[in-house]
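Computed over heavy atoms, backbone and side chain alike; hydrogens, waters and symmetry mates excluded. In each ligand, atom 1 is the first atom listed, and ligand 1 is the first ligand listed.
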Amino acid sequence: MDYSELLLVKPGSKVKLGEIDPNFTAKHENKASAQDQLDKYTQKLRELQYLLYAEGKRSLLICLQALDAAGKDGTINHVLGNMNPQGTRVHGFKVPSKEEAARDFLWRIHRETPAKGEVVIFNRSHYEDVLVVRVHNMVPKDVWSKRFDLINDFEKNLVDNGTHILKFFLHISPEEQLRRFKQRIDDPARHWKISESDYAERECWDDYTRAYEDVLRETSTKHAPWFVIPANHKWFRNLAVSRIVAETLESLGMSFPEPTVDIADVKRKYHQAELEEEAILNGKKEKNKKGKKDKRPADDAKPADLPQDGESREDIAEEAVEQE
Ligand code: AMP
Ligand code: MG
């Protein structure tokens with residue numbers, strides 16, 4: 001089954017996170033058995049992001065939310081790490097600065113939304129204003145509870161202006177979280193990631209669960225859906241997110257923009273010497289073929305925009321970017 005359907009929070013539906021298995025891996029037994037799929041969607045992501053950038057007509061916003069150590073950083077590394085840095089951006093939302101706190105909660109968010117052609121990932125987002133803010137009573141209930149409608153309207157406005165929105169909640173178990181905290185303790189290269197508040201926040205697990213369940217019910221909409229990603233297994237998390245992102249981008253039916261110049265004309269004007277060389281070479285090849293009386297179809301007459309020997313589509317895409 002399509003992950004976009006399987007992991008989707010249907011608009012208006014009530015989600016019980018306790019009933020969703022964070023160890024779920026669909027039909028895959030282990031990472032090795034999912035490797036082909038991982039490679040396939042990783043490659044697709046790269047090609048589709050290039051197309052989105054080239055087309056420059058619409059954008060993609062990915063919101064990542066999760067409890068500590070659920071893998072937001074790893075997911076970003078996997079998804080964006082396979083895209084071209086030109087045309088992609090990550091923005092992490094921390095405790096609001098004085099300047100940010102003096103405005104409405106969406107002010108700092110709106111400024112970071114993607115421009116046409118861009119893919120932006122939010123590492124935490126406006127949803128913190130109905131999660132951490134609610135769990136720690138930073139504003140009264142009648143303030144945060146009104147934010148669901150404000151968020152839905154805000155996202156609708158982005159969508160109406162050409163942004164596609166995908167929202168992922170990375171779902172881990174409390175046991176897996178503690179295991180990952182311990183790994184951080186054991187690895188000096190990850191000590192910088194540890195904060196006291198990580199352990200304090202664990203105490204609020206049930207409050208966060210309740211707050212997330214409300215977020216999923218109130219704000220999973222047709223235009224900006226939520227997906228609950230079983231995330232105890234990092235490889236499945238990466239596969240599920242990249243597949244949903246790739247399939248969404250694929251469904252947009254994007255195409256390269258029409259050239260702004262007359263290609264034949266440019267060829268004639270600036271590549272006359274190469275054209276003549278090609279014509280001579282082609283003439284020689286024809287002659288050889290006739291000489292050999294080879295009955296096989298002429299497979300060496302490849303159009304210029306298809307990969308030639310030893311050249312992948314990726315090389316062509318890279319070359320095109322380099323030339324910009
Ligand atoms: P990290 O993502 O681990 O770097 O931590 C960022 C911290 O900022 C987390 O503890 C978030 O809960 C907190 N944070 C993000 N947005 C808000 C917000 N709107 N209000 C209060 N705290 C926030
Ligand atoms: Mg943290």
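Counting heavy atoms closer than 4.0 Å to ligand 1, residue Arg108 contributes side-chain atoms (C-beta onward) but none from N, CA, C or O. Contacts between Ser195 and ligand 1, counted as non-hydrogen atom pairs separated by less than 4.0 Å, are absent for every part of the residue. For Val95, heavy-atom contacts with ligand 1 shorter than 4.0 Å involve the backbone as well as the side chain. Residue contacts with ligand 1, taken as heavy atom pairs separated by less than 4.0 Å, do not involve Asn123 at all. Of the heavy atoms in Arg124, only side-chain atoms (C-beta onward) come closer than 4.0 Å to ligand 1.
The pair Glu286-Lys289 counts as a salt bridge, with a side-chain nitrogen and a carboxylate oxygen less than 4.0 angstrom apart.
Distances shorter than 4.0 angstrom do not occur between any heavy atom of Gly92 and any atom of ligand 1.
Between Phe181 and Tyr199, the ring center distance clears the sub-6.0 Å criterion. For Tyr127 and Phe148, the ring centers are positioned 6.0 Å apart or more. When ring centroids are compared, Tyr212 and Trp226 stay outside the 6.0 Å threshold.
The closest non-hydrogen atom to atom 12 (O) of ligand 1, taken over Glu128, Lys72, Glu100, Met138, comes from Glu128.
For ligand 1, one of its N or O atoms has an N or O atom of Asp129 under 3.5 Å away. Between Lys94 and ligand 1, at least one N/O pair is under 3.5 Å apart.
When the options Asn152, Asp104, Val139 are evaluated for a side chain to side chain contact (heavy atoms under 4.5 Å, CB included) with Arg147, the one that passes is Val139.
Against a heavy-atom cut-off of under 4.0 Å, Pro96 is close to the following atoms of ligand 1: 17 (C), 18 (C), 19 (N), 20 (N), 21 (C). Of all atoms in ligand 1, numbered sequentially from 1 with element shown, those under 4.0 Å from a heavy atom of Phe93 are 15 (C), 16 (N). Listed by number with element, the atoms of ligand 1 under 4.0 angstrom from any heavy atom of Val133 are 20 (N).
Side chains of Gln65 and Arg124: a donor-acceptor N/O pair is absent below 3.5 angstrom, by distance only.
The salt bridge (charged side-chain N to carboxylate O under 4.0 Å, His left out) test applied to Arg237 returns no partner, not counting sequence neighbours. Listed by chain and residue number, Arg190 satisfy the salt bridge (charged side-chain N to carboxylate O under 4.0 Å, His left out) test with Asp187 (two or more places apart in sequence, or in another chain).
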